[in-house]
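We number each residue from 1, following the sequence as shown.
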Amino acid sequence: MFTDKLREGATGPAAKILFGIIIVSFAVAGVGSYLIPDRNEEPVKVNKVKIPEYELENQVRLEKNKLERQFGKQFFEQQMAADENFNNKFKATILEKMINDEVLTQLIARDGIEIPAAIVKAKIKSMPEFMVDGKFNQEQYEKVLAMAGFQSPDVYGEALRNDLAKETFLKPVIDGEFALPGEVSHLAELLTENRTYTMVNVNKAKFTENVTVSDKEIADYYEANKNNYLQADKVKFSYIYLTSEDVKSDVHYTDEDLLNYYNLHSEIYTVPEKREISHILLTGDDAMEKAKEVKAKLDAGADFAALAKQYSQDPSSAQNGGKLPAFASGNQDKNIASASFALVKPGDVSDPVQSDFGVHIIKLNTIIPATSKTFSESKDDVIRRYVKQQSQEVFLDKRQIVSDISFENPDSLDLAAKDANASDKDHPSETVKVQVHDYIASDAKDLPFPFSEKSVMDKIFDPELRETGVNSDVIELGQNAFVVVHIEDYVPKTPKKLEDVKDEIRADISAEASKSKVDEYVNGLLASLSKGESLEKEAASGMITIDSPRTISRLDNKVDEEVSKNVFELAHAEKGNINFGRYTAKNGDVYVLILDSVEQKTEQDASRDDFLTQQISVMKSRADNFVLIDSARADAKIEYNRTKKYLKNSSDKGE
């Protein structure tokens, strides 16, 4: 380490040179740049290529958003309740995926696979999630990306380019696998196997009926297990929370600004010219020939409306003489629009026109001229749009100032707020405020936004942030809001008072006492079953409940998943015998499963076998993919940053 070398040479001439360099650096760069911790230090390097902390944070956020959309907002709270280290494990898992992507990306680069920008663009424009009325829509594209958590279209485009490169690289692996007939038939036998079982439930309540717990036992248990009865830790913190709505009052403008905006966006305030037409639609292979015949009749003086009623195959307009609602050129089929707007005066009739619907003959009924709202008529709307546009820019400017100043001055948020408010020297404001939130518990529920967001609570209770005493990074809350927090005080978890947990302790002692009794009792049941003895006597005593036999297949989704899994893990018994096993449910209930019979009856089913063939091929391809990535990782030098708390248990590979 650099500091070790300083100590080793502290008495030699090299030390004076080194300390001289440091002193000059302090003078030039400022002491703060050396004392502020590097919060963007990379968590890992893959063949010397850094995976930055901010990229990991962004990917974690994307994955969290995806899981919360799939499983609900409470998903991470439930996981944290089950495992307080869940966040670190989740983050480490995402990092491992990013490492896999990086080693694969480097492998692809070495093979010279590149995806042209034109292909990426074409792929984006063909994706249905970005379409409106069957056509690519830029506004929809940006909206979907924002909802998915992508910071910009460029970020998404690059991610898609990488995915397409991986697809190209892995295609030979994916397409190269196949399923053997024997594999398909064996899997079909397993999936269609029927098992009949009996479930024996142990009535735990019977084992707690006579359990008594004294006050002394409760007090002794409390002293020995205080750490199991803790009040949640609490944090007091200051914060800056800002949205684009908050800064609308910071947008200042003159009439000249508004007039410029009006002129630049004149299309918003202009209603384009429209055409009202009638048409005769003809379809079929001979549509063009029929259209020419109808056009000849029109040229000879026939009535357009009468011919429309007679010949047109557009039932919605034919009975009305072929009339269609007025439309602008961009709101109609391009061939119909082109022919309609080529007609000069009302009464003109076009030659036959081919469109996606068939062949049309078009008559111009009315020209509705374009109209425009004046600046005065549009002023209120211009102000609204201008303020909305400018507030986004003001918001981004203030966000950047808060981000920079809170990082450079990590001990407080005050200077960040002050500088952000003074960013417009002509119009200083008080929009950016440092607020102080009183103590909030880590298990608090129903918090108001933004503290209801998991990303914010994670920072508020981040031990690393607390120990260093610095401001957090900017916590993004979509495109139009952010939070920065600073921990002011922390109250660790403390044992609850004995009188507050007496009932809880009594229940825990009773549960432990009954557990040992249940274990002993169930062992007796298993011994009876192994001797071929009946359990009816025990059922009559109320100690157990024996369910009626039930037959299920592996695909049966009407049975508890854990029970089904246990039933199919029981080994086949010899003919005339049964097999059985003891299990404990997630809620602590104990039960015994008795496997009565196994029936294997696989019927021919071509569609099922085709599906299984495809699934086996997919599984084999995934296995090949894992082998490929493991091989690439083995050849790579992966260096983990051990200072990151979520990497404490990771091990370097490929070094």
Side-chain angles (χ1 to χ4, degrees), residues 37-44 51-101 148-149 151 227-228 230-237 239 241 437 439-478 481-487 489-493 586 640-651:
D38 181 3
R39 300 206 297 273
N40 285 323
E41 188 178 6
E42 69 280 353
V44 72
I51 295 180
E53 182 77 26
Y54 71 86
E55 283 189 10
L56 173 59
E57 291 288 353
N58 188 51
Q59 198 60 40
V60 167
R61 181 167 53 82
L62 289 173
E63 291 295 330
K64 281 188 174 182
N65 288 345
K66 187 192 303 180
L67 289 172
E68 286 180 348
R69 286 197 302 273
Q70 187 174 355
F71 299 111
K73 284 282 186 182
Q74 304 303 316
F75 175 76
F76 282 93
E77 289 181 12
Q78 294 165 354
Q79 299 302 317
M80 284 293 290
D83 180 1
E84 63 180 13
N85 201 35
F86 175 77
N87 265 342
N88 286 338
K89 292 177 181 177
F90 181 76
K91 198 169 184 178
T93 300
I94 299 301
L95 181 61
E96 290 302 316
K97 290 181 180 179
M98 294 178 73
I99 292 171
N100 289 346
D101 283 344
Q151 292 178 336
N227 288 339
N228 292 337
L230 299 175
Q231 288 186 349
D233 48 345
K234 297 185 292 185
V235 166
K236 181 179 181 180
F237 58 95
Y239 66 97
Y241 170 49
H437 198 294
Y439 291 95
I440 187 171
S442 58
D443 62 353
K445 305 295 183 185
D446 300 323
L447 294 169
F449 189 86
F451 310 114
S452 57
E453 292 297 295
K454 199 76 175 62
S455 57
V456 178
M457 286 294 281
D458 286 347
K459 283 296 181 184
I460 291 171
F461 286 92
D462 185 344
E464 190 175 335
L465 196 66
R466 184 169 69 241
E467 289 161 11
T468 55
V470 299
N471 299 324
S472 74
D473 295 327
V474 166
I475 307 164
E476 304 287 358
L477 301 168
F482 72 86
V483 174
V484 182
V485 300
H486 184 93
I487 308 304
D489 190 27
Y490 174 72
V491 178
K493 294 179 180 179
K586 290 177 182 177
Y640 291 94
N641 181 348
R642 298 291 172 214
T643 65
K644 303 293 183 181
K645 62 179 182 290
Y646 52 87
L647 292 177
K648 298 294 185 186
N649 298 320
S650 298
S651 59

When rounded to the nearest 0.5 Å, the distance separating CZ of Phe451 from OH of Tyr241 is 9.0 Å
Does any part of the side chain of Glu63, heavy atoms only, come nearer than 4.5 Å to the side chain of Val60, both counted from C-beta?
no
Does Asp458 pair with Lys64 as a salt bridge, N-O distance under 4.0 Å?
yes
Answer yes or no: is there a side-chain heavy-atom contact under 4.5 Å between Leu477 and Ser455?
yes
Can you measure from CD1 (Ile440) to CD1 (Ile460) and round to the nearest 0.5 angstrom?
5.5 Å
Atom CD of Gln59 and atom CZ of Arg61: how far apart are they, to the nearest 0.5 Å?
9.5 Å
More than 12 heavy atoms of other residues, nucleotides or ligands under 6.0 Å from NZ of Lys236: yes or no?
no
Flag the pair Ser472 / Asp462 as yes when at least one side-chain heavy-atom distance between them is below 4.5 Å, and no otherwise.
no
At their closest point, which heavy atom of Pro52 faces which heavy atom of Pro43, and how far apart are they?
C-CD, 3.8 Å
Output for pair (Ile94 CD1, Asn58 CG), nearest 0.5 Å, gives 11.5 Å
Are Leu465 and Phe237 packed together at the side-chain level, in the sense that at least one heavy-atom pair is separated by less than 4.5 angstrom?
no
To the nearest 0.5 Å, atom OH of Tyr640 lies from atom CD1 of Ile51 at 9.0 Å
How long is the span from the CZ atom in Phe461 to the CG atom in Asp443, to the nearest 0.5 Å?
8.5 Å
Tell me the closest heavy-atom pair linking Leu447 and Ser452, and the distance in Å.
O-CB, 3.2 Å
